[in-house]
Novice: 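One structure is given below, represented as structure tokens, and several questions about it will come after.
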2 protein chains.
Amino acid sequence: MPKVETFDRTNVLHNATEVFHKKGYNGTSMQDLVDATGLNRSSIYNSFGSKLGMFMEVLSFYRNNGNKQMGKEIVQNQNALDTLQSIFCWYVTDIIEDKDHKGCLIVNCKSEMVNQEPLIRSFMEQNQEQMMAFLEDVVHNGQMEKIINEDQTATQYALYLYSSIQGLRMTGILNTNKEELENLIHTILSVLK
Amino acid sequence: MPKVETFDRTNVLHNATEVFHKKGYNGTSMQDLVDATGLNRSSIYNSFGSKLGMFMEVLSFYRNNGNKQMGKEIVQNQNALDTLQSIFCWYVTDIIEDKDHKGCLIVNCKSEMVNQEPLIRSFMEQNQEQMMAFLEDVVHNGQMEKIINEDQTATQYALYLYSSIQGLRMTGILNTNKEELENLIHTILSVLK
DNA sequence: TTAATTTTGAAACGTTCATTTCAATAAAAT
DNA sequence: ATTTTATTGAAATGAACGTTTCAAAATTAA
């Protein structure tokens with residue numbers, strides 16, 4: 001009977017994510033991945049098919065991890081505005097902890113590859129869909145509770161928030177001042193009040 | 001006495017910009033640049049030193065062109081809010097005209113290279129400084145005219161606008177719906193009123 | 001132990017990478 | 001016409017690229 005996959009796939013993805021995050025897709029070589037994961041070159045191809053195949057798994061891994069971490073910040077039964085506050089605060093924390101100014105892997109990849117690689121474009125479209133749906137839901141709840149104004153529809157505010165998050169991610173690459181970032185998210189969220 | 005540079009440097013930079021914009025720095029090869037510019041490989045090295053050298057000139061070229069174009073949109077003697085409106089509208093136009101979803105060369109480069117290449121980091125820091133100073137000035141004028149509120153300082157609003165612009169640039173990669181984008185900038189600017 | 005299957009190591013695949021070299025050609029000022 | 005410098009073309013540099021190959025080693029179930 002077959003020998004079973006021995007290496008820790010989560011650990012391998014974690015290490016691969018680190019390299020891709022630091023160097024970008026085109027800046028990362030297969031040798032970089034061999035070095036970072038400790039996996040044999042052949043094993044990478046056996047398990048992930050190609051560099052792009054591995055990267056797609058890395059993207060999902062990164063997103064799932066982010067969602068998991070952010071989920072912890074969101075307390076049940078807090079109002080919609082506090083939920084948004086928690087989300088944005090998580091981004092600020094993530095920015096401040098990012099000592100080497102890498103930014104967000106997903107945002108970086110969007111700007112690097114959406115116009116070049118259909119698989120990436122699909123991922124990003126699906127990612128946007130998912131985030132927009134979530135944000136719209138939160139805003140909608142806030143509007144029902146009269147905590148968020150109705151100057152704009154929930155959909156319109158969701159796009160505003162989605163755009164603001166991407167802006168925050170880009171800004172955080174060069175600006176990691178906690179007070180300035182917290183003031184920034186205060187300004188962003190003030191629109192909804 | 002010496003033969004003088006014969007090729008049209010502006011035209012060469014224009015063509016080089018197109019390739020770098022489409023493929024990103026790491027995605028662009030020297031062969032791509034030879035093909036796009038029509039210049040000989042040696043001439044590129046003679047005139048620009050290296051791939052990075054050429055890219056640095058391309059970055060400045062792209063920025064100067066953008067500033068020039070945007071300058072035309074800004075009418076003299078309009079109030080501060082209208083100036084901001086003009087600026088954001090120019091971005092929307094640029095997004096809509098960008099049929100192949102390349103996004104902004106400078107934003108893309110920031111996310112690809114700031115943490116890898118000191119020259120790029122300096123460029124981006126200087127670029128941010130410049131934009132922030134300009135935005136701060138506009139906001140400050142608006143506040144003097146009582147057209148922009150004073151809930152936040154001009155500096156704080158400048159960061160908010162700078163961040164919003166980067167967000168708009170990222171959003172515009174996948175979302176090119178004119179009405180949605182115009183509503184987005186309306187929401188962004190509503191904070192200042 | 002044997003049979004089945006995956007992981008591993010190392011080498012090689014052919015291509016492309018950024019950059020250099022150099023002799024030949026072209027143009028301007030003396 | 002001669003000198004000076006730039007542009008050009010084409011080839012070559014050596015290293016790195018993503019991917020494939022394959023026999024040896026390892027592991028599990030029968």
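Keep in mind that this is a model prediction, so the values were computed, not measured. The sequence lines fix the lettering, A, B, ..., with proteins before strands; numbering per chain opens at 1.
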Novice: Please give, in whole Å, the distance from D:dA16 C1' to A:K51 NZ?
Specialist: 12 Å
Novice: Taking only Lys NZ, Arg NE, NH1 and NH2, and the carboxylate oxygens of Asp or Glu, determine whether B:R121 and B:E125 approach each other closer than 4.0 Å.
Specialist: yes
Novice: Quick one: which of A:L161, A:T83, A:L81 gives a side chain to side chain contact (heavy atoms under 4.5 Å, CB included) with A:V139?
Specialist: A:L161
Novice: Rounded to whole Å, how long is the line connecting atom CE of A:M30 with atom C1' of C:dA12?
Specialist: 16 Å
Novice: Could you check A:K178 against A:E182 for salt bridge (charged side-chain N to carboxylate O under 4.0 Å, His left out), going step by step and ending with a plain yes or no?
Specialist: CA-CA 6 Å; A:K178 191 164 188 278; A:E182 278 171 350; 3.1 Å; yes
Novice: Rounding to a whole Å, what distance do you find between A:N26:CG and C:dT16:P?
Specialist: 15 Å
Novice: Any side-chain N or O of B:S29 below 4.0 angstrom from OP1/OP2 of C:dC17?
Specialist: yes
Novice: Report yes if a side-chain nitrogen or oxygen of A:S43 is closer than 4.0 Å to either non-bridging phosphate oxygen (OP1 or OP2) of C:dT8; otherwise report no.
Specialist: yes
Novice: May I have the distance from B:Y45 (atom OH) to D:dT13 (atom C1'), rounded to whole angstrom?
Specialist: 12 Å
Novice: Could you tell me how far apart B:R41 (CZ) and C:dT19 (P) are, to the nearest whole angstrom?
Specialist: 11 Å
Novice: Give a yes/no answer on whether the side chain of B:N46 brings an N or O atom under 4.0 Å of OP1 or OP2 in D:dA6.
Specialist: no
Novice: Do we see a donor-acceptor contact under 3.5 Å between the side chains of B:T171 and A:Q166?
Specialist: yes
Novice: For A:N40 and C:dT8, give me the distance from atom CG to atom P, rounded to whole Å.
Specialist: 7 Å
Novice: Within the structure shown, what part of the strands sits under 4.0 Å from A:S42 by heavy-atom distance: base, sugar-phosphate, or nothing?
Specialist: base
Novice: Can you tell me the distance, in whole Å, between the CG atom of A:D35 and the P atom of D:dA16?
Specialist: 12 Å
Novice: Mapping A:G49 and B:G38 to their closest nucleotides on DNA chain D, which lands nearer the 5' end?
Specialist: B:G38
Novice: In whole angstrom, what separates B:K23's NZ from C:dC17's P?
Specialist: 8 Å
